2 protein chains.
Amino acid sequence: MLKISKKADYALMALQHIASVQFGDVTPGRVVNTKEIAEEYNIPLELLAKVLQVLSKNGLIESHNGPKGGYLLARSARQITIAQILESIEGPLAITDCSHEKDGDYCMQREHCNIRTPLLKIQDSIYQLLNNMTLGDMMGGTPLITIQSPSAQGVER
Amino acid sequence: MLKISKKADYALMALQHIASVQFGDVTPGRVVNTKEIAEEYNIPLELLAKVLQVLSKNGLIESHNGPKGGYLLARSARQITIAQILESIEGPLAITDCSHEKDGDYCMQREHCNIRTPLLKIQDSIYQLLNNMTLGDMMGGTPLITIQSPSAQGVER
DNA sequence: TTTAGTGCGACCATATTGATCGGAGATCAT
DNA sequence: ATGATCTCCGATCAATATGGTCGCACTAAA
Ligand code: FES
Ligand code: FES
């Protein structure tokens, strides 16, 4: 329950990978292409491609076309929050399907609903949690990219 | 995204209703039957029935058979956490489908997975959030049922 | 101009969830 | 004691969301 989708999962992995390449490597300007990521993590290529496209459309990464093309973080890893990534792929965070009701509400039980307010509170808490953690933090645990060990992050390639 | 299922939603409503009847009413021992709840909140009767059955099997409520039967909270509202309710209906909290891997892991990307640890951390945080809020807290906000109007249940200020 | 790459939309397959049925047991009222 | 209610529980069907696949247009480097 409360699972996040595989797509979102893939998005996180991909971003983390791109970030680590971009930050830790000796080749800071290097772009990362879809295939590289797909192979590294065993993600279906086509699916990952679509995920990356969405991320790029949402301004989290930049795409570079043509041969030798690939993706690049649009901004610093510390300025990309987990919430942004997740919401980019799946819609806005909605713990219950009537969280974000527009104008005419459609929830059958809204009238007598006794749990709406507390649920919204919970949702908000979760959101803050996700929005306070950045891509940078996610890498924090792993020996972060001191200017060293270029290969430490993905030995085979 | 991160939506909780309708069933869980129903469970919350039902429990909240039962709790409020049991605590606030002039008839503290009164049992609440499925039909009453279903009608009050416009929940499909059969579905709600099944939800309640599960809750009862998991020891959150007690069932009383026969005519004039119904359900009753198994313990105080302050001793039932949101996490317990949710996990009762949907499985254990698993933000990603490889959170609770038994022995032989099956996650294709586990080998090179770079996001497992941080995700588990997030999951844990969410769990604590849910586990620190009880049914009692959920009702806390609303001016709960002073000793009055048994039927006034859904007045909604 | 060729070629390796992304951009993008439509599409199918499968898993999860929501909802429904039908009968078996229990218990209260008469 | 006997019938009428009501919960219990398993099996089943339908709707929806998700995961995954194709095919083609477009772009830029070599
Ligand atoms: S469930 Fe829709 S308002 Fe409570
Ligand atoms: S996705 Fe399964 S271990 Fe990271």
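These numbers come from the heavy atoms of this one structure, side chains and all, not from hydrogens, waters or symmetry mates. The shown structure was predicted, so the numbers you read here are calculated from the model rather than taken from an experiment. Here is how names work: the chains are called A, B, and so on, in the same order as the sequence lines, proteins then strands, and each is numbered from 1.
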Problem set entry | Earlier contact from the 5' end, DNA chain C, for A:K3 and A:L52 | A:L52
Problem set entry | Check ion pair B:E40-B:K35 (N to O, under 4.0 angstrom) | no
Exercise. Do A:S99 and A:Q123 meet the criterion of a side-chain donor-acceptor pair at a distance under 3.5 Å?
Worked result: yes
Seminar exercise, completed: Of C:dG7, C:dT20, D:dT21, the nucleotide closest to the side chain of A:S63 is C:dG7
Exercise. Does B:Y10 put a side-chain nitrogen or oxygen below 4.0 Å from OP1 or OP2 of C:dG18?
Worked result: no
For this session: Give the rounded distance in Å between these two atoms: CD1 of B:I18 and C1' of D:dT7.
Result: 13 Å
Exercise. Taking OP1 and OP2 of C:dT16, is either one under 4.0 Å from a side-chain nitrogen or oxygen of B:S5?
Worked result: no
Exercise. Relative to the 5' end of DNA chain D, which residue comes earlier, A:P67 or A:I4, by the nucleotide with the nearest heavy atom?
Worked result: A:I4
Exercise. Can the ring centres of A:Y41 and A:H17 be said to be less than 6.0 Å apart?
Worked result: yes
For this session: For A:N33 and C:dT3, give me the distance from atom CG to atom P, rounded to whole Å.
Result: 19 Å
Problem set entry | Any donor-acceptor N/O pair, B:E87 side chain to B:L93 backbone, under 3.5 Å | yes
Seminar exercise, completed: Testing C:dG7, D:dT7, D:dT21 for proximity to the side chain of A:P44, the answer is D:dT21
Seminar exercise, completed: Quick note, A:K57 side chain, CB onward, closest among C:dG9, C:dT6, C:dT20 is C:dG9
Exercise. Atom CD of A:Q53 to atom P of C:dG9: distance rounded to whole Å?
Worked result: 9 Å
Exercise. Separation of A:L45 atom CG from D:dC22 atom P, in whole Å?
Worked result: 11 Å
Exercise. For the pair made of NZ in A:K6 and P in D:dG19, what is the distance, rounded to whole Å?
Worked result: 7 Å
Exercise. Could you state the CG-P distance from A:N42 to D:dG19, rounded to the nearest angstrom?
Worked result: 17 Å
Problem set entry | Interatomic distance where NZ belongs to B:K50 and P belongs to C:dC21 [whole Å] | 13 Å
Seminar exercise, completed: By nearest-nucleotide position on DNA chain D, the 5'-leaning member of A:K7 and B:G70 is B:G70
Exercise. Between A:Q79 and A:T134, does a side chain to side chain contact (heavy atoms under 4.5 Å, CB included) hold up when you go through it step by step?
Worked result: CA-CA 7 Å; A:Q79 297 176 346; A:T134 73; over 6 Å; no
Exercise. In whole angstrom, what separates A:N65's CG from D:dA25's C1'?
Worked result: 11 Å
